[in-house]
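Counting from 1, the numbers follow the sequence of the chain as shown. Note that ligands are numbered from 1 as they come in the structure, with each ligand's atoms numbered from 1 the same way.
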Amino acid sequence: MSPDYGSLHDPNAEYTMRDLSGEAMGLAGSRGARDVEITDVQTTMVDGNFPWTLVRVYTDAGVTGTGEAYWGAGVPELIARMTPFLLGENPLDIDRLYEHLIQKTSGEGSVEGVTVTAISGIELALHDLAGKLLGVPAYQLLGGKYRDDVRVYCDCHTEAEADPEACADEAERVVEELGYDALKFDLDVPSGHEKDRANRHLRPGEIRHKAEIVERVTERVRDRADVAFDCHWTFSGGSAKRLAAAIEEHDVWWLEDPVPPENLEVQTDVTESTVTPIAAGENRYRVTEHRRLIEDGGVDIVAPDLPKVGGMRETRKIADVANQYYVPVAMHNVASPVGTMASAHVGAAIPNALAVEYHSYELGWWDELVEEDVIEDGRIEVPERPGLGVTLDMNAVGEHLVDGETLFDDA
Ligand SMILES: O=C(O)[C@H](O)[C@@H](O)[C@H](O)[C@H](O)CO
């Protein structure tokens, strides 16, 4: 029998002075038909190209909301530990419940990491739920629309990832056959010139190899697609600057995460050194960490991951800060259709949205998880249906569950 991690808790959370529960805040049940209570929270995990953690919030109105948390060990356990703080609460108080969970799990580490990821999954489900209870699409809860559809960029891979021509061929295929006009390729791929893969330093041959990938791909799809390149926090500041300079002459949409995320000074130094647009954000949490990244000039483009960063309102808040610095937002995304659609709603509701990522084109069944169409011709039309506007196809979800997982209970 596996241990019952969900029953473990931080004793301080029981008697914290800053109690944001509806009871402690003295919220009276005075909203008529909107006096709804949360009765349960459940998770289930789908074995996609990432382990997608789906979250469902149940209510006494018979209406449920479905969200998604970014993948990661411990997330379902953390959600189980947060559930007692949500029972009996009105799910329409999304902002207060987010703050309530952050406060209750502050000893658990809710400044960043998987605790924030777990809260994000609940927050997405609350937006779906609130939209359904009020009969409005989730973007409406965030202030309304700037655009009817949101551009999607396709994260591309080839088996010959270090072969510039193979990358260019794949770019061509994704543009012509799959209909995307925005792509991303990995640039942290071994070139054969490496002498030591730990020291973060790029040898001249490595820089030449990476510049060649960039050149071949961007030249091949020139005028048909924008192309970004991802480095997954790999290089030293000096190497990142040399790489960014070496690709300045090419048409790069952005260069992502060339340096590790911890040191903001290095991040800013790299960004200031080059006209190549630098993006980062998927490894920073909540508005606090993004505020510093943006204010310090650390990025030309900010790339929060919505089911990880704190959720939909948190991303809206990040976008608001970014907008004050005229910084666009490209939403990092490796989610199932549920989390992806949440990103699209935020993308519709903020002025500075660039695009939402799609990271599952090789999977073959990503879109079968929901009944509705999600990505069409490289774009997501933001639905007018209540909530997130996607309905899980329970047969498809059941077919792809992680071993040992069970489906959500009926409402
Ligand atoms: O930008 C991206 O698409 C991401 O960096 C992915 O490529 C990562 O694999 C994932 O986020 C887990 O590390």
Chemist: Please report the shortest heavy-atom distance between Tyr153 and Ala355, naming the atom on each side.
Modeler: CD2-CB, 4.0 Å

Chemist: Would you say His359 and ligand 1 have an N/O pair spaced under 3.5 Å apart?
Modeler: yes

Chemist: For Asn199, is the CG atom crowded, meaning more than 12 foreign heavy atoms sit under 6.0 Å from it?
Modeler: yes

Chemist: Which atoms of ligand 1 sit under 4.0 Å from any heavy atom of Asp155?
Modeler: 3 (O)

Chemist: Under a 4.0 angstrom heavy-atom cut-off, which atoms of ligand 1 come close to Glu256?
Modeler: 1 (O)

Chemist: Looking only at distances, can you tell me whether any N or O atom of Asp186, backbone or side chain, sits closer than 3.5 Å to an N or O atom of ligand 1?
Modeler: no

Chemist: Which residue and non-hydrogen atom of the protein lie closest to atom 12 (C) of ligand 1, and at what distance in Å?
Modeler: Tyr70 OH, 3.6 Å

Chemist: Distance to 0.1 Å, residue and atom name: give those for the protein heavy atom nearest to atom 11 (O) of ligand 1.
Modeler: Glu282 OE2, 2.9 Å

Chemist: Between Thr271 and Gly298, is there a donor-acceptor pair closer than 3.5 Å when you use the side chain of the first and the backbone of the second?
Modeler: yes

Chemist: Taking all heavy atoms of Pro76 and all of Thr43, pick out the closest pair and write down the distance.
Modeler: CB-OG1, 3.7 Å

Chemist: Are Val175 and Leu183 close enough that some pair of their side-chain heavy atoms sits under 4.5 Å apart?
Modeler: yes

Chemist: Do the ring planes of His209 and His193 sit parallel (below 30°), tilted (30 to 60°) or perpendicular (above 60°)?
Modeler: tilted

Chemist: So, Asn333 side chain and Glu357 main chain: donor-acceptor pair closer than 3.5 Å or not?
Modeler: yes

Chemist: Go through Ser120 and Glu314 one step at a time and tell me if the side chain to side chain donor-acceptor pair (under 3.5 Å) criterion holds.
Modeler: CA-CA 9 Å; Ser120 308; Glu314 198 69 1; over 6 Å; no

Chemist: Please report which non-hydrogen protein atom sits nearest to atom 3 (O) of ligand 1, along with the residue it belongs to and the distance in Å to one decimal place.
Modeler: Glu357 OE2, 2.4 Å

Chemist: Would His232 count as a polar contact of ligand 1, with the cut-off being nitrogen or oxygen pairs under 3.5 Å?
Modeler: yes

Chemist: Below 4.0 angstrom from a heavy atom of Trp71, which ligand 1 atoms are there? Numbered from 1 as shown, please.
Modeler: 12 (C)

Chemist: Tell me: protein heavy atom nearest atom 4 (C) of ligand 1, and distance?
Modeler: His332 NE2, 2.9 Å

Chemist: Look at ligand 1 and say whether Tyr358 reaches it with a heavy atom at a distance under 4.0 Å.
Modeler: no

Chemist: For atom 1 (O) of ligand 1, what is the closest protein heavy atom, and at what distance to 0.1 Å?
Modeler: Lys184 NZ, 2.6 Å

